[in-house]
Each structure stands twice: as structure tokens, then as C-alpha cells.
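Indexing begins at 1, ligand by ligand and atom by atom, following the structure's order. Just the heavy atoms: all of them, side chains too, but no hydrogens, waters or symmetry mates, feed the values below.
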Amino acid sequence: MTAHTVYKEPAPIMDRENPLESMMSRFNIAAEILGLDDETYNVLKAPDKQVIVNLPVTMDNGKLRVFEGYRVIHNTILGPSKGGIRYDKHVHLDEVKALAAWMTWKCAVVDIPYGGAKGGIICDPTTMSVGELERLTRAYTLALKDVFGPDRDIPAPDMGTGPREMAWLMDEFSKTVGATSPAVVTGKPLVMGGSLGRTEATGRGVMVSALAALAKLGLEPTEVSAAVQGFGNVGSWAAKLLSEKGVKIKAVSDVSGAYWNADGINIDEAIAYKNVHAGRLDGYAGATLMENADDLLTADVDVLVPAAVEDVITEHNARDIKAKLIVEGANGPTSASADPIINEKGILVVPDILANSGGVTVSYFEWVQNRQGFKWTEEMVTERADRIMSDAFEKVYQTSVKYKIPMRIAAYVVSIDKVAQTYKFRGGF
Ligand code: GLU
């Protein structure tokens, strides 16, 4: 290849259940329960806008490589759209569409004034240099400069991205509008308008909703054990905060495998180990490597926290789950085919759109602070986020009792009802 040859990353084949179908099947059940009218149903079932961009990036070897990127705006009836950007080799348009819709439901369930969106780029960030990632992020921002905006669409981190990428995005966007625009993106570094409490916010919300669910089951945190799948931002913070409440974390996992310790893993130690071992747990001596990483999902624990990727709990392994409570830190970790099995087994599930909404809630606080030009204390952030999470949990729980439905469907009912009512008031079809 010459320096000018355009290399296009081939689109990967999705090897999981289609998350869009999983999302739609729950949406359909909730729409039926609510008696949603056809007009609103038809508006909500498809995204408002789908943008596909080709991003030419000069790689460190001097060659030009073209990456495919997406931004899907699912809905903006409740406010500007909000949602993260995912860098992963398995990014797929259907996945981004599902994730965008989940953001609409998530923001509605916690009652923050946002619609839903999601972005993604097909790339493998683990094999790219910092310079390549910066050029890719800037190219993506430039390509979407007319989509993003503090009152239009506000991105944030997701898998494979973090404060560093958000800083580049903010900088590139600010250049295009000719003014520093911190409120265009959340999850920024603290020094440039990030919010205290944002890094741990998703994991903290998982902890708050897990504790609320344990209370409904009549269980004390100090008498239960848990397994946490995924040891990235969400999983590691959820494990740390749950263990601080007295929950015994018997298993954690990351891409290197699953680790088990019946006496409880010292989470601070595991995080410290990961931080000095390229973000991975391989070789961690405080627990035993499980033969099969998926065994974590069916391990003998009371609480299961899937905090990695979509569709890990399926009809194939749901029957073997021993946990009484599942708290979904990831987006879409349970495929729709597993729902009936889980319900039949009587497992209480705090669904993703509720359990992991602490992240977007504190993103909202970041955006409010940026617009106010005033920084909140950590106590203000934490206290307000915890209250929002507990109120949302209670609302969903009561809805599940009222309609005699699982909490997952109840969360959709609460969200869709809010969006549908807003459509009625705003009118305009
Ligand atoms: N990516 C996170 C999520 O899936 C956060 C989104 C945001 O803060 O806008 O909820």
C-alpha cells in the first residue's frame, strides 16, 4: 500500500443476540401494558436521526486509514439528546441504535431533561497510539459538528473512551464555534469543567440501587455475597462501593478472565493491582483464576452485577444463575430470551436503564454546572445523585407492584409513559 491508499476497516459480524431486537421486545411489552397509541409507538420505535461518517485518519506509519463512525439520535422530545461514544472493534449500527434508545428510557426513568443518543466508532483503541486516538476523536468531532451542541446533542464517555477523549472533543468543537464550549460534552477532566463524582457515578448508582433492592428482599448488605463481571470504570467502582457497604465480593472479572475468592476479594488491592498492570487483572494473586470466565455468571453468590457488555445472560445460561438479585451495571447485559427464565426463577432484576443511570445523572449535573459557571461540592453531587437514584428505584418498584410486572418492564413503562405524555402536551404531529 502507498501512503495514500485508503484502508477501510471491515464491518464486524455481530456474534451476540441483536441488542436492538432485545430492546424492542421489552419496549413492545411495555407499550402494550400502557396502551400506547399507534402514532406515538411509531415515532418511538425508530431513531429520529442516524448519522454515518467516514473518518480518514493518518496513522503513525504515515498511511491513511478510514474508520466508520456513527451517531444515532433516538429521541429529543424531553430535551437535547445525551449519550456516550463507544470505541470498540465490535461497534455495530444496530447496537448503537439500541444503546441510543436505552439512553432515552434511562434519562426519562431518572427524570432528567434529556433525550437519548449514542455514538460509536469501529476501531480497536487498545492497538492505537495516543496520537492516532486524538486524530480519530478530532475527525469524529469535526464530522459531527452540526449534530453536537450544548442544546442539541451532548456526548459523554462509554466503553473505550474517557476524560481524555472528551477533552479532545470539547477542544475541537470549541474551535469550530469559536468559543470555549464546556457544556457540549460531559465526563471531561476535572480541571476543564468535569464534575466531582462523575468518575464513580455509574458504579455508585449501581451500589445505591443494589442496596435498595436488597432492602426489598429483606437482606442486609453485610450478609450477602456478590460477583461482578467487568472491572472497568463501572464494575470496579460498583465492586469497591458495595464492598465498603459490607457486601462480600467473591468474584470479579475482566478480559483476562474471572477471579474467585470465597473469603471475599480485597477490591482496593485488586484496583491497585490493575492500575499498575496496564488496566488488567492477569496474574492477580488475591484470588484464583476461574477455569471458565463465564462461570462467574452462574457462581454461587447472592448478587450478580454484570458490568461489561451486552447479551451475556442468555437463554443458554439463565437457568443456571444462582443469584437472587441481578443489578445491571452494563447496558443490555441480559438478552430478551433470558427474561422469562429469570422471571420464572423469581430473580429480582434491577434493569440497566435504572441501575446504571447514575452516570448520566451526574453527566447532567456536570452540564448544569458548566452552564451555571459554578462548581458544586462533591457532597452536593453525591447527595443529589443518590436521591435521584433512590426515588427512581422506588417509582419503578411501585410500578412493578401496581401492574404485577418485572422491574425491567416497569422501568420501560415509567419511561415510555413520560415520553408519551410529553408528546401529547407538545403536540405537533
Ligand atoms: N455512557 C454512559 C451510559 O451509557 C453515560 C452517558 C452519559 O453520561 O451521557 O449511560
Side-chain angles (χ1 to χ4, degrees), residues 19 23 70-76 78-88 91 95-110 112-121 144 147-163 165-166 169-170 182-189 193-206 208-209 230 232-235 237-238 306-310 327-333 350-370 381 385 388-389 392 411 415:
M23 189 281 295
Y70 310 105
R71 186 71 181 170
V72 174
I73 313 292
H74 174 258
N75 191 273
T76 57
L78 296 179
S81 50
K82 187 83 192 80
I85 303 167
R86 183 169 286 200
Y87 286 4
D88 187 76
V91 163
E95 177 194 40
V96 182
K97 280 158 80 171
L99 288 160
W102 278 321
M103 288 308 304
T104 302
W105 314 136
K106 206 184 287 192
C107 294
V109 95
V110 282
I112 57 177
Y114 286 143
K118 201 82 174 195
I121 302 177
L144 290 164
V147 173
F148 296 152
D151 288 309
R152 286 194 302 263
D153 179 39
I154 307 136
D158 198 74
M159 265 169 56
T161 59
E165 286 73 19
M166 302 308 114
L169 194 153
M170 188 276 232
V184 70
V185 61
T186 61
K188 298 179 292 296
S195 177
L196 288 163
R198 176 64 186 87
T199 309
E200 58 270 45
T202 313
R204 188 173 174 88
V206 169
V208 170
S209 45
N233 176 267
V234 181
W237 274 104
V309 291
E310 294 102 79
V327 186
E328 297 183 334
N331 290 309
V350 186
D352 47 4
I353 55 172
L354 171 61
N356 72 35
S357 57
V360 73
T361 299
V362 177
S363 272
Y364 166 56
F365 293 165
E366 180 174 331
W367 179 82
V368 171
Q369 292 171 73
N370 294 156
V381 171
I388 287 186
M389 287 305 295
S415 314

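- Of all the atoms in ligand 1, the ones that sit under 4.0 Å from a non-hydrogen atom of Lys106 are 3 (C), 4 (O), 10 (O).
- By the 4.0 Å heavy-atom criterion, Gly187 is excluded from the residues contacting ligand 1.
- Considering only heavy atoms from C-beta on, Lys82 stays 4.5 Å or farther from Ile112 through its side chain.
- Using a 4.0 Å cut-off between heavy atoms, Leu99 makes no contact with ligand 1 at all.
- Taking only non-hydrogen atoms, the option from Glu366, Met103, Met159, Lys82 nearest to atom 6 (C) of ligand 1 is Met103.
- In this structure, the protein non-hydrogen atom closest to atom 7 (C) of ligand 1 is Ala156 CB, 3.3 Å.
- For the side chain to side chain contact (heavy atoms under 4.5 Å, CB included) test, residues two or more places apart in sequence or in another chain that qualify with Thr104 are His74, Asn75, Val419.
- The closest approach between Lys118 and ligand 1 falls below 4.0 Å for a heavy atom of the residue.
- Residue contacts with ligand 1: Met166 is excluded, as none of its non-hydrogen atoms falls under 4.0 Å.
- Val360 has its side chain within reach of Met103: a pair of non-hydrogen atoms, C-beta onward, lies under 4.5 Å apart.
- Contact of the Tyr114 side chain with the Ser81 side chain is not registered, since no non-hydrogen atoms from C-beta on lie closer than 4.5 Å.
- No side-chain heavy atom of Pro163 sits less than 4.5 Å from a side-chain heavy atom of Arg198.
- When all heavy atoms are compared, the tightest approach of Val327 to Ser209 is CG1-OG, 4.0 Å.
- Ligand 1 has an N or O atom lying under 3.5 Å from an N or O atom of Arg198, backbone or side chain.
- Between Pro157 and ligand 1, at least one N/O pair is under 3.5 Å apart.
- Atom 8 (O) of ligand 1 has its closest protein heavy atom at Ser363 OG, 2.5 Å.
- Residues Phe148 and Val185 are not in side-chain contact: their nearest non-hydrogen atoms beyond the backbone lie 4.5 Å or more apart.
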